[in-house]
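Structure first, commentary second.
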Amino acid sequence: MATSNHLSDILTLNLAHYQQQHKLTQQQSLVCQHIQACRTQALGEQQWRCGACHYEQRIFCSCRDRHCPRCQGQQTQAWIEKQQTEVLNCRYFHLVFTLPHELNILAHYKAKELYSALFEAVWQTLSQFGMTRKHLQGQLGGTVVLHTWGQTLTQHIHLHCLIPGGVLTSQGEWHGVTSDYLFPVKALANVYRAKMMQALRHRELVIEQADAAHSG
Ligand SMILES: [Zn+2]
Ligand SMILES: [Zn+2]
């Protein structure tokens, strides 16, 4: 049997069976529909013709869903090119902030609030260190990307932060990092934990089962 490399073929072969045992959310089934329809007649087609030789080509339209591997390639490339125009001429640091897995359940029914709490807590933490650390004391910048799955396709919610090693002071001066690391990890983790708890509380995000287990 010929093997296929496309996610859409895998979905066509197995989705119906999968759905007998697993319930998809509305968003998940919509994404599956998009991926399966991508570059097929379902989304219509474009007809291209060369003005010189009249050679014609039909191209099926793409779905442009951000989960679609066929469409993502181009978007990823465009994103990389845009990021590259903003790269500063300095050393960069890569920091990862992970959400404790006990809180994963919140992503199933309050995803938007949870992710906004995570971004807020992480950015407040980093900004606070940028403002208060000796030799820095200014506005930090960076690119922060949310990943909701780990490499083994299990739920693993974390933020990747690409941080230029320096700050802009209120006088508009650049203060670069002189050490081999950006911030001390342990101190960073403590502040992040406190900020995350605070951000969850502000949004009234609680895990009922865990609370019940602790009070019992
Ligand atoms: Zn697509
Ligand atoms: Zn990741």
Side-chain angles (χ1 to χ4, degrees), residues 3-16 18-19 24-48 57-84 86-87 92-108 111-112 114-126 140-165 181-183 185 188-189 192-193 195-196 199:
T3 50
S4 163
N5 291 322
H6 277 298
L7 181 58
S8 59
D9 300 314
I10 295 170
L11 289 175
T12 303
L13 276 176
N14 302 299
L15 187 62
Y18 180 84
Q19 278 181 296
L24 296 185
T25 65
Q26 207 186 355
Q27 194 217 1
Q28 286 167 339
S29 62
L30 208 62
V31 169
C32 290
Q33 280 173 31
H34 290 162
I35 293 172
Q36 284 180 281
C38 187
R39 298 205 182 262
T40 70
Q41 217 133 27
L43 296 180
E45 59 180 55
Q46 294 176 357
Q47 196 105 31
W48 290 75
Q57 195 174 11
R58 282 189 333 166
I59 297 171
F60 292 126
C61 297
S62 53
C63 72
R64 295 176 184 227
D65 192 294
R66 69 182 189 90
H67 302 89
C68 173
R70 270 187 177 120
C71 294
Q72 225 177 23
Q74 277 181 349
Q75 286 176 12
T76 305
Q77 201 50 42
W79 187 83
I80 290 170
E81 278 163 26
K82 185 174 172 284
Q83 293 298 311
Q84 271 168 348
E86 290 166 4
V87 170
Y92 271 73
F93 294 87
H94 177 215
L95 285 84
V96 179
F97 290 84
T98 303
L99 189 78
H101 285 187
E102 290 83 350
L103 299 175
N104 281 356
I105 183 77
L106 289 170
H108 293 267
K112 214 173 156 187
L114 178 68
Y115 297 147
S116 99
L118 183 60
F119 272 97
E120 182 182 288
V122 165
W123 196 246
Q124 280 184 357
T125 303
L126 289 169
L140 204 70
T143 299
V144 181
V145 176
L146 171 70
H147 278 182
T148 54
W149 302 89
Q151 281 170 347
T152 52
L153 290 187
T154 51
Q155 195 176 24
H156 179 63
I157 299 165
H158 56 286
L159 291 188
H160 287 268
C161 307
L162 287 173
I163 309 291
Y181 59 94
L182 185 60
F183 301 132
V185 173
L188 208 57
Y192 162 58
R193 194 176 306 125
K195 299 263 188 217
M196 190 65 205

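Every number for a ligand or one of its atoms is a count from 1 in the order of the listing. In what follows, residues are counted from 1 in the order of the sequence shown. Note: hydrogens, waters and symmetry copies are ignored here, and every other heavy atom, side chains too, is used.
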> Hey, are R70 and S8 close enough side-chain-wise for a donor-acceptor pair under 3.5 Å?
Replying inline: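 Yes.
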> Where the Zn ion (ligand 1) is the corner point, what angle links SG of C63 with SG of C38, to 10°?
Replying inline: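 The two atoms subtend 110° at the Zn ion (ligand 1).
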> Any chance CD of Q47 has more than 12 other-residue heavy atoms, nucleotides or ligands included, within less than 6.0 Å?
Replying inline: yes
> Can you tell me how far CH2 of W79 sits from CD of Q84, rounded to the nearest 0.5 angstrom?
Replying inline: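 One gets 10.0 Å once the value is rounded to the nearest 0.5 Å.
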>> Please name the atom of H147, limited to N, O or S, that comes nearest to the Zn ion (ligand 2).
In response: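 This turns out to be ND1.
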> Once rounded to 10°, what is the value of the angle centred on the Zn ion (ligand 2) between H158 NE2 and H160 NE2?
Replying inline: 100°
> Less than 6.0 Å separating the ring centroids of H147 and H156?
Replying inline: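 Centroid separation for H147 and H156: 6.0 Å or greater.
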> Short check: any N/O/S atom of H34 below 2.8 Å from the Zn ion (ligand 1)?
Replying inline: no
